[in-house]
A.B. asks: 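Got a structure here, written out as structure tokens. Questions coming.
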Amino acid sequence: MIVTCWEWAGTARDEGDFAANWLREVLGKPVRLVRYMGKAGVGDADGDPARRPVDPDFGKGYENTFSDGFPIHLTAEESLVDLNKRLEAPLPMDRFRANIVVAGGEPWAEDEWAGLRIGSLEFSSVKPCGRCKVTTTDQATAEVGVEPLKTLGDFRSGRVLGWNARSAYKRELMFGWNLVTDDRGTLAVGDEVVVTRMRPANELVV
């Protein structure tokens, strides 16, 4: 089956009529459930119709699945604490829908990390995460507000941060970083995080 996910179109495996019929009853409209068919970590993802590559400007050859733009999204507890100090009502971390949440550093320290080891796995931090309106939706009630985007715009836009290495950064509101990895393994709550490389200054500011 041919599917689309943002700018990508490729092949996926249909999971059959039983799943489709159940979803149709729950959602009230005809849908199909499909499975990603890629082969993460096996060669270059470019050019394979079953594999969705990440943006080549940030991770050429790395593979995504049906997630947003990258396979891994990291946020930091201390950065959320700093953001919440600026809000009338604090927000939980689930607004940012991260795969990995770290703790123990300074607020926004993750901006300076280019490489890190979590447990036994090595990661490269390749792109700041510009936030969209989904962050303004309460994950428990579906109520939509204006935060955190309103406040992030005051101090975490690319323009305010002076991040001018890419023109798109100027209008984005940053919270968290997108990661890629060549490793395969298991992460667990409490794994040690070690910064292995610092980010060159000219990666964000020129």
Side-chain angles (χ1 to χ4, degrees), residues 1-16 19 31-76 95-102 110-135 156 158 161 163-187 191 193-206:
M1 173 179 287
I2 301 299
V3 300
T4 59
C5 185
W6 293 108
E7 75 296 333
W8 177 82
T11 56
R13 179 180 295 114
D14 190 300
E15 291 295 277
V31 295
R32 305 295 299 184
L33 179 66
V34 297
R35 181 187 299 271
Y36 184 72
M37 294 174 60
K39 300 176 181 178
V42 182
D44 196 312
D46 296 330
D48 185 335
R51 303 177 70 191
R52 182 184 172 215
V54 304
D55 186 333
D57 289 344
F58 296 96
K60 182 172 174 54
Y62 285 98
E63 184 171 4
N64 199 3
T65 55
F66 293 150
S67 58
D68 191 1
F70 289 82
I72 305 163
H73 175 218
L74 177 141
T75 59
R95 288 291 185 100
F96 300 99
R97 309 175 318 284
N99 307 81
I100 300 172
V101 179
V102 300
E110 62 274 20
D111 291 345
E112 301 178 0
W113 303 343
L116 57 158
R117 182 186 308 115
I118 305 176
S120 62
L121 306 183
E122 301 279 348
F123 298 87
S124 293
S125 178
V126 296
K127 182 182 181 296
C129 189
R131 310 313 310 209
C132 70
K133 289 186 68 175
V134 174
T135 58
R156 288 292 296 178
L161 292 167
W163 294 358
N164 60 0
R166 295 179 179 272
S167 59
Y169 287 171
K170 295 180 182 179
R171 61 180 180 271
E172 293 185 345
L173 310 178
M174 311 299 191
F175 190 99
W177 279 80
N178 294 300
L179 276 55
V180 295
T181 182
D182 288 316
D183 291 346
R184 295 294 176 269
T186 301
L187 297 178
D191 279 348
V193 179
V194 177
V195 178
T196 57
R197 287 181 290 115
M198 301 302 287
R199 193 177 312 284
N202 64 359
E203 187 176 308
L204 298 174
V205 180
V206 295

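For clarity, every value in this text was computed on a predicted model and none was experimentally measured.
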A.B. asks: To the nearest 0.5 angstrom, please state how far the CG atom of Leu161 sits from the CG atom of Leu204.
C.D. replies: 9.0 Å

A.B. asks: In plain terms, say whether Arg117 and Asp183 are close enough for a salt bridge, that is, a side-chain N and a carboxylate O under 4.0 Å apart.
C.D. replies: no

A.B. asks: Output, in order, the C-alpha distance, side-chain angles, deciding distance and verdict of side chain to side chain contact (heavy atoms under 4.5 Å, CB included) for Ser125 and Glu110.
C.D. replies: CA-CA 9 Å; Ser125 178; Glu110 62 274 20; over 6 Å; no

A.B. asks: Which value, rounded to the nearest 0.5 Å, describes the distance between Thr75 atom OG1 and Asn99 atom CG?
C.D. replies: 9.0 Å

A.B. asks: Are any non-hydrogen side-chain atoms of Lys127 and Val54 less than 4.5 angstrom apart?
C.D. replies: no

A.B. asks: Please report the closest heavy-atom contact between Tyr169 and Phe58, naming both atoms and the distance.
C.D. replies: OH-CE2, 3.4 Å

A.B. asks: Taking the side chain as every heavy atom from C-beta outward, state whether Leu74 and Leu116 have any atom pair closer than 4.5 Å.
C.D. replies: yes

A.B. asks: Have a look at Tyr36 and tell me which of Arg52, Arg51, Glu63 forms a side chain to side chain donor-acceptor pair (under 3.5 Å) with it.
C.D. replies: Glu63

A.B. asks: Nearest heavy-atom pair of Pro128 and Asn178: which atoms, and what distance?
C.D. replies: O-ND2, 3.9 Å

A.B. asks: Contact between Asn64 and Trp6 at the side-chain level, heavy atoms closer than 4.5 Å - yes or no?
C.D. replies: no

A.B. asks: Find the distance between OG (Ser67) and CD1 (Ile72) and round it off to the nearest 0.5 Å.
C.D. replies: 9.5 Å

A.B. asks: How far apart are the closest heavy atoms of Met1 and Asp14, and which atoms are they?
C.D. replies: CE-OD2, 3.0 Å

A.B. asks: Could you tell me the separation between the CD1 atom of Ile100 and the CD1 atom of Ile118, rounded to the nearest 0.5 Å?
C.D. replies: 4.0 Å

A.B. asks: Measure the shortest side-chain to side-chain distance between His73 and Cys129 over non-hydrogen atoms and say whether it is less than 4.5 angstrom.
C.D. replies: yes

A.B. asks: Locate the shortest heavy-atom distance separating Leu179 from Phe70; write the atom from each residue and the value.
C.D. replies: O-CB, 4.4 Å

A.B. asks: Please check: side-chain N/O of Thr181 versus main-chain N/O of Glu122, any donor-acceptor pairing under 3.5 Å?
C.D. replies: yes

A.B. asks: Taking ring-ring contact (aromatic ring centres under 6.0 Å, His included) as the test, write out the residues that go with Phe123, two or more places apart.
C.D. replies: none

A.B. asks: Could you measure the distance from the OG1 atom of Thr196 to the CH2 atom of Trp113? Nearest 0.5 Å is fine.
C.D. replies: 11.0 Å

A.B. asks: Using only atom types and a distance under 3.5 Å, with no angle test, would you say the side chain of Asn164 pairs donor to acceptor with the backbone of Lys170?
C.D. replies: no

A.B. asks: As an exercise, state the distance from OG1 of Thr4 to CZ of Phe66, rounded to the nearest 0.5 Å.
C.D. replies: 9.5 Å

A.B. asks: Is it the case that Arg95 places NZ or CZ above or below the six-membered ring of Phe175, under 6.0 angstrom from the centre and within 45 degrees of the axis?
C.D. replies: no

A.B. asks: Judged by atom type as modelled, is there a donor-acceptor pair below 3.5 Å linking the side chain of Arg35 to the main-chain atoms of Glu15?
C.D. replies: no

A.B. asks: Contact between Thr135 and Arg97 at the side-chain level, heavy atoms closer than 4.5 Å - yes or no?
C.D. replies: yes

A.B. asks: Could you walk me through whether Asp111 and Met174 pass side chain to side chain contact (heavy atoms under 4.5 Å, CB included), step by step?
C.D. replies: CA-CA 10 Å; Asp111 291 345; Met174 311 299 191; over 6 Å; no

A.B. asks: State, yes or no, whether a side-chain contact exists between Arg156 and Leu173 at a heavy-atom distance under 4.5 Å.
C.D. replies: no

A.B. asks: Report yes if the side chains of Val126 and Trp177 come closer than 4.5 Å at any heavy-atom pair, otherwise no.
C.D. replies: no

A.B. asks: Identify the heavy atoms of Val102 and Val193 that sit nearest to each other, and give their distance.
C.D. replies: CG1-CG2, 3.8 Å

A.B. asks: Can you see which heavy atom on Ala50 is nearest to which on Trp8, and at what distance?
C.D. replies: C-CZ2, 4.3 Å

